[in-house]
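Working notes, beginning with the structure itself.
Predicted, not measured: the structure shown is a model, and the values here were computed from it.
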Amino acid sequence: DNRYAVRTDAQGRFEFPFVAAGTRTVTVRNETLPLPWTVVDDGQVRVDVRLRETTRLTVPVQKAD
């Protein structure tokens, strides 16, 4: 819904503590990645957020040529 933004910690973990349950899209923007990494497939991953649960997801990135 483009209302929330977060940064990951050194292990890539992040948290959205006030997001309602339901299907959400997590987007990683290229300008937020260190070089030489870039996002794949627009950097978007859909995730089903469930009440009081932890969800793991993988956002595909690749080394730029």
Side-chain angles (χ1 to χ4, degrees):
D1 59 12
N2 289 323
R3 291 179 20 188
Y4 302 96
V6 296
R7 291 188 181 267
T8 64
D9 65 12
Q11 286 76 40
R13 296 178 297 217
F14 61 93
E15 181 177 297
F16 288 109
F18 301 111
V19 173
T23 302
R24 303 285 179 243
T25 300
V26 175
T27 304
V28 175
R29 296 179 304 177
N30 266 329
E31 61 269 18
T32 64
L33 294 174
L35 292 174
W37 297 99
T38 61
V39 297
V40 177
D41 298 331
D42 296 327
Q44 295 186 341
V45 175
R46 292 187 59 82
V47 61
D48 186 28
V49 175
R50 297 183 184 194
L51 188 62
R52 295 186 187 100
E53 289 189 15
T54 298
T55 302
R56 294 182 185 268
L57 61 99
T58 301
V59 178
V61 297
Q62 66 185 10
K63 278 191 174 181
D65 293 328

Item to check | Partner set under side chain to side chain contact (heavy atoms under 4.5 Å, CB included) for V47, not counting sequence neighbours | outcome: R24, V26, V49, T55, L57
Item to check | Residues which pass side chain to side chain contact (heavy atoms under 4.5 Å, CB included) with R13, listed by chain and number, not counting sequence neighbours | outcome: D9, Q11
Side-chain donor/acceptor pairs under 3.5 Å, residues 33-45, sequence neighbours excluded:
none

Checklist outcome for this item: Sorted by chain and number, sequence neighbours left out, side-chain hydrogen bond (donor to acceptor under 3.5 Å, both in side chains) with R50 holds for D48
Item to check | Closest contact, heavy atoms only, F16 versus Y4 | outcome: CE2-CB, 3.5 Å
Checklist entry - With E31, which residues qualify under salt bridge (charged side-chain N to carboxylate O under 4.0 Å, His left out), at least two apart? => result R29
Next on the checklist: Can you give me the closest heavy-atom contact between T58 and P60, atom names plus distance?
Outcome noted: O-CD, 3.7 Å
